[in-house]
Amino acid sequence: MSNKPTPSRATLAAQALGWSDEKTRGLVPPIYTSTTYLRDPDGGYRSGRIYTRADNPSFDLPEAMITTLEGGAGSLVYSSGMAAATAVFMNLQPGDHVIAPNIMYWGLRNWLKTSAIEWGLDVDFVDGEDSEAFAKCLRKDQTKIVWIETPANPTWAISDIAAIAEIAHSAGARLAVDSTVATPVLTRPIEHGADIVMHSATKYLNGHSDVLAGTLTTAQSDDFWERLVNRRASAGATLGPFEAWLLVRGMRTLYLRVERACRTAQRLAEHFSGHAKISRVYYPGLPGHPGHDIAARQMTGGFGGMLSVSVEGGMKAAVAVAAKTKLWHRATSLGGVESLIEHRASIEGPDSPVPPDLLRLSVGIEDPDDLIADLEQAL
Ligand SMILES: *Cc1c(COP(=O)(O)O)cnc(C)c1O
């Protein structure tokens with residue numbers, strides 16, 4: 001199910017879909033800072049643009065790029081990944097039912113447990129690796145969104161997109177996938193039956209830790225999508241034109257960065273498996289990972305640039321290792337060119353399901369030998 005376009009996605013990304021400026025022949029788009037647009041003498045807007053909260057020409061290219069890479073029918077850029085994700089839930093009505101996984105991006109889990117409940121949504125959390133658990137929770141005509149994240153922060157649990165899509169559709173629900181970690185390089189959820197794909201573009205899509213942005217891509221242009229388009233314009237969680245421009249610049253190197261990060265992450269995972277100071281390595285590219293078989297089926301070209309390790313000696317030992325790294329930067333976030341290490345339990349708080357001895361590693365594009373040597377000296 002690769003539906004490979006000609007030219008390939010890597011080529012289309014590198015060339016920003018072959019964009020060039022009709023007037024100047026420039027190959028790099030300008031940044032459109034104007035917040036407002038001229039009306040025609042008769043009061044109309046034949047340009048199609050009125051005001052930048054609704055849309056800005058700077059969004060056209062990043063939205064077209066992500067639509068092409070994901071194989072969707074349309075995309076929207078948002079001011080953050082959380083703005084994109086919460087827009088999906090705020091597109092529902094009070095009383096609607098939602099199913100989400102226990103293991104997922106903690107910020108969104110917290111939002112679902114607090115704001116979504118206040119908004120009137122009924123939210124159930126299930127084991128994201130267990131497709132049947134979604135089926136058991138499903139309420140016909142009341143469940144409106146089934147949300148999954150794969151691989152999921154920070155144990156890189158794998159959800160079976162095709163199986164869960166079928167389950168969601170059987171009750172008339174939409175499947176939305178947080179595909180931030182997989183990126184369209186490795187997984188295109190729409191090819192597996194997903195209805196909505198969400199990215200924190202802050203991570204791999206931009207890739208340089210200098211833009212906060214989010215995206216939604218839809219499989220079909222329907223009423224649900226039209227409401228999302230109208231609500232972004234009215235609620236105003238819009239991206240700035242500079243950020244949109246940086247996002248295009250970042251996406252041009254997406255394939256190079258992700259391929260490199262995947263190769264290095266696989267090497268690190270294999271190197272530290274069975275290491276005397278490491279009790280467990282969490283990486284879907286290892287045959288022992290519970291989601292490996294599904295990942296091998298729905299991911300192409302690698303298993304992602306994210307892995308986690310449990311350190312022998314518990315939480316204190318894990319924090320001490322993070323304190324001793326010199327090349328791995330102690331910082332939150334992921335998907336940048338620089339490698340990051342983080343003790344997750346201490347950032348997520350007391351009701352986090354994350355093991356206290358776990359360190360999350362976001363693999364950048366540095367020399368893999370340097371990254372291994374730095375972790376070895378820290379251990
Ligand atoms: C960072 C992240 C988010 C939130 O995105 P922001 O751009 O920080 O708002 C959501 N999901 C995943 C998987 C993330 O890593």
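Quick note: numbers below take in every heavy atom, side chains included, and nothing from hydrogens, waters or symmetry partners. One-based numbering, in listed order, for ligands and for the atoms of each. Please read these numbers as outputs of a predicted model, since none were measured by experiment.
Residue-ligand proximity, G81 to ligand 1, at heavy-atom distances under 4.0 Å covers atoms 5 (O), 6 (P), 7 (O), 9 (O). Within the listing of ligand 1, atoms 7 (O), 9 (O) sit less than 4.0 angstrom from a heavy atom of S80. Listed by number with element, the atoms of ligand 1 under 4.0 Å from a non-hydrogen atom of E149 are 13 (C). Counting the atoms of ligand 1 from 1 in the order shown, those under 4.0 Å from a heavy atom of L334 are 15 (O).
The closest side-chain donor-acceptor pair between S308 and Y283, if any, does not fall under 3.5 angstrom. Residues R49 and N56 bring no donor and acceptor atom of their side chains to less than 3.5 Å of each other. Q298 and T187 are not linked by any side-chain donor-acceptor pair at a separation below 3.5 angstrom, with hydrogens and angles left out of the test. Looking only at atom types and distance, the side chain of T253 has a donor-acceptor partner in the side chain of R257 under 3.5 Å away. Defined by atom type and a distance below 3.5 Å, a donor-acceptor pair is missing between the side-chain atoms of H275 and E312. Between the side chains of T217 and S75, at least one donor N or O sits under 3.5 Å from an acceptor N or O.
Note that K144 lies outside the cation-pi zone of F224, set by a 6.0 Å cut-off to the ring centre and a 45° limit from the axis.
Looking at ligand 1, you'll find an N or O of D178 within less than 3.5 Å of one of its N or O atoms. Checked by distance only, ligand 1 and L212 stay at 3.5 Å or farther apart across all their nitrogen or oxygen atoms. Between V181 and ligand 1, a contact under 3.5 Å exists for no N or O pair.
Nearest to atom 5 (O) of ligand 1 among the protein's heavy atoms is S200 OG, 3.0 Å. From the protein, the heavy atom lying nearest to atom 15 (O) of ligand 1 is K203 NZ, 2.7 Å. For atom 9 (O) of ligand 1, the closest heavy atom belonging to the protein is M82 N, 2.8 Å. The protein heavy-atom contact nearest to atom 4 (C) of ligand 1 is Y105 CE2, 3.4 Å. The protein heavy-atom contact nearest to atom 7 (O) of ligand 1 is T202 OG1, 2.6 Å.
Heavy-atom distances between A213 and ligand 1 reach below 4.0 Å in at least one pair. For N153, the heavy-atom gap to ligand 1 drops under 4.0 angstrom.
Side-chain contacts under 4.5 Å among hydrophobic residues (ILVMFWY), followed directly or transitively, place V28 together with I31, V211, F242, W245, L246.
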Exercise. Quick one: do H208 and E338 satisfy side-chain hydrogen bond (donor to acceptor under 3.5 Å, both in side chains)? Show the steps, please.
Key: CA-CA 8 Å; H208 294 76; E338 65 287 298; over 6 Å; no

